[in-house]
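Below: one structure, written as structure tokens.
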Amino acid sequence: MGRWNHHQKPTNLSRVFAKRGICVAALVVLGALWLTTRFANASELAAPVAGSWTIAVTADEERQRRESINQATKKLRSMQRNMARQMLEKRTTPPEAIRIQVDAPIVIIGSGDRALELELGGAPITVSGDDGTAKVRAKIDGDVLIVAVDGTRGGRLTSYRADGDRLSVVVSMSGSRLDGVVRYATTYTRAE
């Protein structure tokens with residue numbers, strides 16, 4: 001129906017089908033370019049955070065972390081407050097070293113002998129720990145790698161941003177029993 005030889009005059013219908021075919025082909029090519037660019041951009045943007053990092057926490061960062069814990073637990077009863085503060089002190093103590101590997105769309109974040117593999121922008125994965133199960137996901141937002149954890153007792157949002165040989169890790173933790181969010185930052189330097 002849409003074919004003609006050089007002696008036939010093209011019909012309006014054959015012109016419409018030809019134009020639609022060109023449009024569909026252009027959309028397919030643009031979609032493929034978008035997907036390729038998306039993963040390439042994610043890799044390029046996340047690349048500064050990739051590497052091995054050693055803690056370089058400042059006294060001010062340590063003070064702010066403890067103050068944030070105190071503020072989030074101040075309305076609890078005395079015994080609960082002390083237990084909550086001890087637990088949060090332990091859970092918010094930053095690791096001595098971290099390593100981040102980015103091979104878009106996969107990112108691997110590890111510390112010590114533990115590592116977590118996530119798909120950037122992918123569906124959350126379920127992990128189990130001392131506090132039950134949680135859903136974990138990762139994404140790139142501008143030049144920041146963001147890892148979100150949604151658990152039964154609360155959530156944790158961690159952002160990683162590199163500036164040359166320095167890595168800033170900002171954590172926000174929430175919990176059903178906390179009066180507010182525990183928010184703190186830790187500085188790391190690139191390991192040699």
Examine [X] and [Y] and state if one hydrophobic cluster contains both, with Ile, Leu, Val, Met, Phe, Trp and Tyr joined whenever side-chain heavy atoms are less than 4.5 Å apart.
{"X": "Tyr188", "Y": "Val147", "result": "yes"}
{"X": "Ile55", "Y": "Trp53", "result": "yes"}
{"X": "Val149", "Y": "Leu88", "result": "yes"}
{"X": "Ile140", "Y": "Val136", "result": "yes"}
{"X": "Leu157", "Y": "Val144", "result": "yes"}

Next on the checklist: Could you tell me if Gln86 and Asn82 have a donor-acceptor pair between their side chains, going purely by distance under 3.5 Å?
Outcome noted: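 Side-chain D/A pair, Asn82 to Gln86: absent.
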Next on the checklist: Within the 3.5 Å criterion, strictly below it, is a donor on Arg65 or Thr92 matched to an acceptor on the partner's side chain?
Outcome noted: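 Distance-only check passes for Arg65 and Thr92.
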[X] versus [Y]: any side-chain heavy-atom pair under 4.5 Å?
{"X": "Glu119", "Y": "Ile106", "value": "yes"}
{"X": "Leu145", "Y": "Val107", "value": "yes"}
{"X": "Arg156", "Y": "Val171", "value": "yes"}
{"X": "Glu117", "Y": "Gln101", "value": "no"}

Counting only heavy atoms from other residues, nucleotides and ligands, does the tally under 6.0 Å from [atom1] of [X] exceed 12?
{"X": "Arg177", "atom1": "CZ", "result": "no"}
{"X": "Met87", "atom1": "CE", "result": "yes"}
{"X": "Arg99", "atom1": "CZ", "result": "yes"}

Could [X] and [Y] be called an ion pair, given the rule that one side-chain N must be under 4.0 Å from one carboxylate O?
{"X": "Asp163", "Y": "Arg166", "answer": "no"}
{"X": "Arg137", "Y": "Asp150", "answer": "yes"}
{"X": "Arg161", "Y": "Asp143", "answer": "yes"}
{"X": "Glu67", "Y": "Arg63", "answer": "no"}

Checklist entry - Given the rule in the side chain to side chain contact (heavy atoms under 4.5 Å, CB included) test, do Glu62 and Val57 qualify, once you have shown the distances and angles that lead to the verdict? => result CA-CA 7 Å; Glu62 192 61 26; Val57 66; 4.1 Å; yes
Checklist entry - Checking Glu61 side chain against Thr58 main chain: does a donor-acceptor pair fall under 3.5 Å? => result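 Yes, the answer is positive, given that a donor and an acceptor are paired below the 3.5 Å cut-off.
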Checklist entry - For the side chain of Ser111 and the backbone of Ala97, is there at least one donor-acceptor N/O pair under 3.5 Å apart? => result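 Between the backbone of Ala97 and the side chain of Ser111 there is a qualifying donor-acceptor contact (under 3.5 Å).
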Any idea which heavy atoms bring [X] and [Y] closest together, and the distance?
{"X": "Tyr184", "Y": "Arg91", "answer": "OH-O, 4.5 Å"}
{"X": "Val182", "Y": "Ser68", "answer": "CA-OG, 3.2 Å"}
{"X": "Ile109", "Y": "Tyr160", "answer": "CG2-OH, 3.8 Å"}
{"X": "Val170", "Y": "Ser168", "answer": "CG2-OG, 3.9 Å"}

Checklist entry - Given Asp179 and Thr73, is the side chain to side chain contact (heavy atoms under 4.5 Å, CB included) satisfied, shown in steps? => result CA-CA 6 Å; Asp179 185 40; Thr73 57; over 6 Å; no
Next on the checklist: Could you walk me through whether Arg183 and Ser172 satisfy the side chain to side chain donor-acceptor pair (under 3.5 Å) test, starting with their C-alpha distance in whole Å, then the side-chain angles of each, then the deciding distance to 0.1 Å, before giving a yes or no?
Outcome noted: CA-CA 4 Å; Arg183 182 177 165 83; Ser172 297; 3.2 Å; yes
Item to check | Thr187, Thr189, Ile98 screened by side-chain contact (heavy atoms from CB on, under 4.5 Å) with Leu167, the one that passes | outcome: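 Exactly one option meets the side-chain contact (heavy atoms from CB on, under 4.5 Å) with Leu167, and it is Ile98.
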Checklist entry - Checking side chain to side chain contact (heavy atoms under 4.5 Å, CB included) for the pair Ile125/Leu116: CA distance, chi angles, key distance, verdict? => result CA-CA 10 Å; Ile125 65 167; Leu116 185 62; 3.8 Å; yes
Next on the checklist: Going by the rule side chain to side chain donor-acceptor pair (under 3.5 Å), which residues pair with Asn70 if we only count those two or more places apart in sequence or in a different chain?
Outcome noted: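 Arg85.
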